[in-house]
Amino acid sequence: MSDLEVELPDGSERHLPVGSTGRDLAASIGARLAKDALAIDENGILRDLVAPLEDGARVAVVTPASPKGREILRHSTAHVLAQAVTRLWPGAHYAIGPAIENGFYYDFSLPGGAHFSDDDLERIDAEMRRIIKEDQPFTRHEYSYDEGVQLFKDQPFKVEIINAVRDGASGEDLGEVANASVVSTYSNTDAFVDLCRGPHVPSTARLGHFKLMRVAGAYWRGDEKRPQLQRIYGAAWESKEALEAHLVQLEEAEKRDHRKLGQELDLFSFPSELGPGLAVFHPKGGTMRRVMEDYSRARHVAGGYEFVNSPHITKAELFETSGHLVWFADAMYPPMELDDGQNYYLKPMNCPFHTLIYKSRQRSYRELPLRMFEFGTVYRYEKSGAVHGLTRVRGMTQDDAHIFCTRDQMREELASLLTFVLDLLRDFGLNDFYLELSTRPEGKAVGSDEEWLEAETTLESVARGAGLELVLDEGGGAFYGPKISVQARDAIGRTHQLSTIQLDFQTPQRFEASYIAPDNARHRPIMIHRALFGSVERFMAILIEHYAGNMPTWMSPEQVRVLGVRDDHDPYAQRVADTLRDDGVRVGIEEANEPLGARIRRAKLEKIPYILVVGDDDVAKATLGVNARGSNDPERGVTLEEFRRRLAEEIATHASPEER
RNA sequence: GCCUGGGUAGCUCAGUCGGUAGAGCAACGCAUUCGUAAUGCGUAGGUCAGGAGUUCGAAUCUCCUCCCAGGCUCCA
């Protein structure tokens, strides 16, 4: 009897009878593995456990607690969701249902234009658990395209997918497709059949650690001109523990939500009188903001930037010249028409203003690079459904600068800029970065191919020179040029787009900006747009979430609060506070009208870095009781001098009390 | 902009069948003087998001508008 031979991940080889399957392989390795196995990875392609093995293949058995295993679990759970929905809503159309990070979703169109409600999730959940209990096998079948179309004649979305694949469209974004020439399906015991590339778990009994999370609208194939479908999101994991850990993590993220903390810590609010996406900063949030801005200003002074200012509104002419009214009008507030017939616009960007400053007189090559910085407040008419806390607003302040330089200077300027950016972000406590290169947006860009190519290749080589991971974002650039963006991972592993650096050959041309070079002729400068925080509001939101509201001491609105044990200690508490205030510390005091415990509790809830408790011993010996944020045992008898020294160092190094 | 779900005191939330509104915290007043996460008593606080409708009567039912959340689309 002839054998086939496969290679395992550890390099060993295994012989099995011809016709053996992944399941046979797993069984030959061990009973435990056979029980765990969900599918196999054969030469990098995932296949069902019951698929016959290929001679000479490199094979790995896929188990649940692995990235590939989870993907299969999630995808299979999505199929069970679709089956449950079709049982509960006969005639429902199902579209696509891929595995996603932490779970899965499936898109539906219900008969008669019905919609899911939150209550339906419970019914669907119960139906899914029934299907899982029925231990239905997932069985693969293959058909020709025509057979496939016939099979799914009542499922228009499936037919559209089959036709799109046959017509050579990219299958990637469709989530579930056939391979080059066959339409594959998976069916369960009853009438449910789904178009799918596979693989799936052997049986629904292998599933069950899932939770339906929410229902949402989603456009068919992500296109807002196409019909909107009903999407159900779910989380799915390999075990009860893993699912619960994920749900706990969601709760953690919720606790860090800057909108919640902004309310609790009295930092900012969104009065409904102002409208969506328009925030006001309260004194504490205002202090935090001032500290961030002051620090940024100081770094920019040191970095050779000039400080400029520009108004919030301007005649239409400026944005006609810049191209914004052609390319960016969707995101601009409608114009105000004035008596003289002029249209005035709120500015969505600062660059045209800075360009005018550049043009205000003739420039010499000796002035370049010329770096102009402004905390520029801009207004963008975001779609009402897009605004989100401080991270997506309609009025925001950018830490915006434009650098005018020669082509020869461009590369070096970009390289030093990247160092400048990363240093600044590190000073705010972010350390884990990668870069993203966004290239020319198809059909929405100005400038010649040569210019774009030069800009993109220059940016790419500078990005590579930074030694960080670089990810390509095809077509994600601005209409006037490509960009590098710095992405940062926060304390709980989420990534945020922060700084953007954009290269722009277009604006100087459109405004006919020039400089006189050593050859005594006019030359065109190039322009670099860059915002390091992105926007002050958004950056603050990210930091609040990164630190869960426990801001490093230098950024805390109130750094120290002094509490006397009894009211006859208040004068000493006041002297301590005065001394610290003279040191430049933001210090508060709460008089002894309430029990000490209550005052400490309040200060803790406000996340103040240091609570100083002073009583009889302290008055006698000029000492303090130091209760640091994050610590459970307060320190007694610290001299005022010692505390001042420690605090000054902590502030200077941007450290937090938790790090001590 | 679109889909789903929301909006009750400064905050977090109850409010039954349609019968004109309640708690805790916060605020304010008085008392309390205390060594590391909630002292006691009292007072005040509401156009139930706004408007229209149904009804003898609306926080509650219907419609419209505004705002919020989660998604989609878009994006810093």
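Here is the naming used below: chain letters follow the sequence lines, and residue numbers restart at 1 for every chain.
A cation-pi arrangement is found for A/Arg231 relative to A/Tyr105, the charged atom lying closer than 6.0 Å to the ring centre and inside a 45° cone about the ring normal. The cationic atom of A/Lys347 (NZ for Lys, CZ for Arg) lies less than 6.0 Å from the six-membered ring centre of A/Phe353 and within 45° of the ring axis.
Residue A/His115 places at least one side-chain N or O closer than 4.0 Å to OP1 or OP2 of B/U4.
Not counting sequence neighbours, the partners of A/Leu468 by the side chain to side chain contact (heavy atoms under 4.5 Å, CB included) test are A/Leu422, A/Phe433, A/Leu435. For A/Arg426, the side chain to side chain donor-acceptor pair (under 3.5 Å) criterion is met by no residue, not counting sequence neighbours. The side chain to side chain contact (heavy atoms under 4.5 Å, CB included) check on A/Ile542 picks up A/His496, A/Leu498, A/Arg538, with sequence neighbours excluded.
Note on A/Phe116: only backbone sugar-phosphate atoms sit closer than 4.0 angstrom, heavy atoms only; bases stay farther off.
Checking B/C30 for Watson-Crick or G-U wobble geometry (two distances, each under 3.5 Å) identifies B/G40 as its partner.
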**OP:** For nucleotides 71-76 of chain B, just jot down a letter per nucleotide in 5' to 3' order: B, S or -, based on protein non-hydrogen atoms under 4.0 Å.
**Re:** BBBBBB
Original post:
In the 5'-to-3' direction, what one-character label does each nucleotide of nucleotides 36-45 of chain B receive under the scheme B = base within less than 4.0 Å of a protein heavy atom, S = sugar-phosphate only, - = no such atom?
Top reply: BBBB------
Restricting both atoms to N or O, compile the protein contacts to nucleotides 64-66 of chain B shorter than 3.5 Å, with distance only.
none

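Ring-centre distance between A/Tyr106 and A/Phe108: below the 6.0 Å cut-off.
A salt bridge does not link A/Arg646 to A/Glu650: none of the charged side-chain nitrogens sits closer than 4.0 Å to a carboxylate oxygen.
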